[in-house]
2 protein chains.
Amino acid sequence: MRYNYDNMENKIYTYKYQHPAVATDCVVFGYDGKNLHVLLIERGIDPFKGSWALPGGFLKMDETVEECAQRELQEETNVKNIYLEQFHVFSAVDRDPRERILSVSFLALVRKSEFKLIAGDDAAKAEWFEINNLPSLAFDHKEIIELAKNKLQQILSYKPIAFQLLDKTFIMSELQRLYELINETEYDRRNFHKKMLATSLFDDEGLCKTPMQCRAPQMYSFNEERYKEQVKNKTIKKYPFDF
Amino acid sequence: MRYNYDNMENKIYTYKYQHPAVATDCVVFGYDGKNLHVLLIERGIDPFKGSWALPGGFLKMDETVEECAQRELQEETNVKNIYLEQFHVFSAVDRDPRERILSVSFLALVRKSEFKLIAGDDAAKAEWFEINNLPSLAFDHKEIIELAKNKLQQILSYKPIAFQLLDKTFIMSELQRLYELINETEYDRRNFHKKMLATSLFDDEGLCKTPMQCRAPQMYSFNEERYKEQVKNKTIKKYPFDF
DNA sequence: GCAAAAGTGTTGACAGTACACCCATGC
DNA sequence: GCATGGGTGTACTGTCAACACTTTTGC
């Protein structure tokens, strides 16, 4: 459901006190092994008609904010069971010119390879933008993305979320690239490799079959079960993925 | 403003779509150098009349959620300029029996020594409870406090929030006790001392004057300016207070 | 003198950093 | 054969955990 103020049935809801409207917005990060992207939609209606904005929509009365974000994401991207996490409520009084609207903001991670852009309904088109090359954005969405980036950095250090952005099997340099993009630094290839494997949370998946102009790299997969076991036994560090 | 459904003026507000009500709730942590407490109020009205609950109230249309939490806290506790941070939105459809109410939840830290309990207005009384000895709670407030504790542990490792809970000058054992209470572990006295001072963020404040049955301990204060400088210069670790 | 709580220093183990060298592949 | 990207190893360094002895004070 995009921002949409049509009202077919002309119902009216009344309250003794003023209530704000509540919407969820999603900062959807996508990775293709090379670059980190954010999903944006072009607004088909005013305000900010023609501007780019975060996918999002209004909360229904029979769903939680998580369900709302999930639903919106599914409608926009056709992906389900995706990592999704609320990170902030934006509530500036004048953040929307129409009426008082709170945004409960989520960040979401998707594998770009598993994702097909839907031809926009509501005359809105959806497109990926490189994280460091975003267009100007509607509402306070620039600020929302900024905070999402910070939050993502933080979560990256203590939850195994990077693997949500990679295919089941991946090579170390893809994982490293992702860490470098998110944390905006560079790491020593050999030390990164060593420290990752030291967690003993990776399974060997044989050599990469794709022909490339170098020695065939080792493929790995992340062992979710072993991770959960370590968490359960508390044999894991507080920030196991802090690089 | 407590939960209060009186409406003197009998105004009515209408919307084309259903809007949820939005409230803020505060998990207020207080420390006295010995024990960690949470502030609760006794509800004077139904639902859950007579039960203990978190201080909180409804969002006004001319304030952000942060301002709302700040205002509520000031009305309840008479303290201002307190550390306050939103940490989660609770939005289960049936979390309040009256109507659909979202709770934007905050955690707050106060020095108990600077705090005076107000005789409750709205026939509600406010009281401190030891964190590990809470009464049964209204709504989903038990769950809210649980998450607040987790979030507090997390924030403790990367922000200098412990000092919000201590007097300006303090002794190391008070700081250590606080870390132990929040993180639910124990630390070696000497290593804790050493590691804290290694941050070079503490100023010497002379010996403790209070007579006690031991050698007079050293008093310290936290140097906020030096901390901010280190953050600015990025000469600080990602988790400088991780113990 | 003794209990309580505080101050200080040493040591070994392990983790993190900075490097260098070799290997397979495509052109 | 050379550029590209990948694999492995070593040595140094610094941080962290474990631990013992001394100091002051009140009773």
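In what follows, chains are A, B, ... by sequence order, proteins preceding strands, each numbered from 1. Every value quoted in this text rests on a predicted model; they were computed, and no experiment measured them.
One N or O on the side chain of B:Q176 and one on the backbone of B:Y187 form a donor-acceptor pair closer than 3.5 Å. Distance alone, capped at 3.5 Å, places no donor-acceptor pair between the A:T64 side chain and the B:A92 backbone.
Taking a heavy-atom distance under 4.0 Å as the criterion, the stretch of DNA chain C touched by chain A extends 5' to 3' from C:dG16 to C:dG26. Here the range on DNA chain D touched by chain A, meaning any atom under 4.0 Å from one of its heavy atoms, is D:dT4 to D:dT10.
Contacts classified as salt bridge (charged side-chain N to carboxylate O under 4.0 Å, His left out) and involving residues 136-146 of chain A (residues at least two apart or in different chains) are given here: A:R95-A:D140, A:E146-A:K149. Annotation: salt bridge (charged side-chain N to carboxylate O under 4.0 Å, His left out) contacts involving residues 211-230 of chain B, sequence neighbours excluded, comprise B:D203-B:R226. Sorted by first and then second residue, the salt bridge (charged side-chain N to carboxylate O under 4.0 Å, His left out) pairs involving residues 185-199 of chain B (not counting sequence neighbours) are B:D188-B:R190.
In this structure, a donor-acceptor pair under 3.5 Å is present between the side chains of A:E205 and A:S221. Side-chain contact, B:S105 with B:D25: no donor N or O sits under 3.5 Å from an acceptor N or O.
In the region residues 193-204 of chain B, proximity to DNA chain C at under 4.0 angstrom, judged on heavy atoms, holds for B:H193, B:K194. Residues from residues 207-215 of chain B placing a heavy atom under 4.0 Å of any atom in DNA chain C, listed by number, are B:Q213, B:C214, B:R215. For DNA chain C, the residues of residues 165-187 of chain B within the heavy-atom distance limit of 4.0 Å (strictly under) are B:I171, B:S173, sorted by number.
Residue whose closest nucleotide on DNA chain C sits further toward the 5' end, between A:R190 and B:A216: B:A216.
End-to-end axis angle of the helix from C:dG1-D:dC27 to C:dC27-D:dG1, from C1' rotation axes over five pairs per end: 0° (rounded to 10 degrees).
Considering only residues two or more places apart in sequence or on other chains, A:F129 meets the ring-ring contact (aromatic ring centres under 6.0 Å, His included) condition with A:W52.
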What donor-acceptor contacts under 3.5 angstrom involve side-chain atoms of residues 82-90 of chain A, with partners at least two apart or in another chain?
residue, atom, partner, partner atom, Å
A:Y83, OH, A:E85, OE1, 2.3
A:E85, OE1, A:K159, NZ, 3.0
A:Q86, OE1, B:V89, N, 2.8
A:Q86, NE2, A:E66, OE2, 2.7
A:Q86, NE2, B:V89, O, 3.1

Please list, one pair per line, the donor and acceptor atoms closer than 3.5 Å that link side chains of residues 29-41 of chain B to other protein atoms, with sequence neighbours excluded.
residue, atom, partner, partner atom, Å
B:Y31, OH, B:G33, O, 3.1
B:Y31, OH, B:E174, O, 2.9
B:Y31, OH, B:L178, N, 3.4
B:D32, OD1, B:K34, N, 2.8
B:D32, OD1, B:N35, N, 2.8
B:H37, ND1, B:N35, O, 3.3

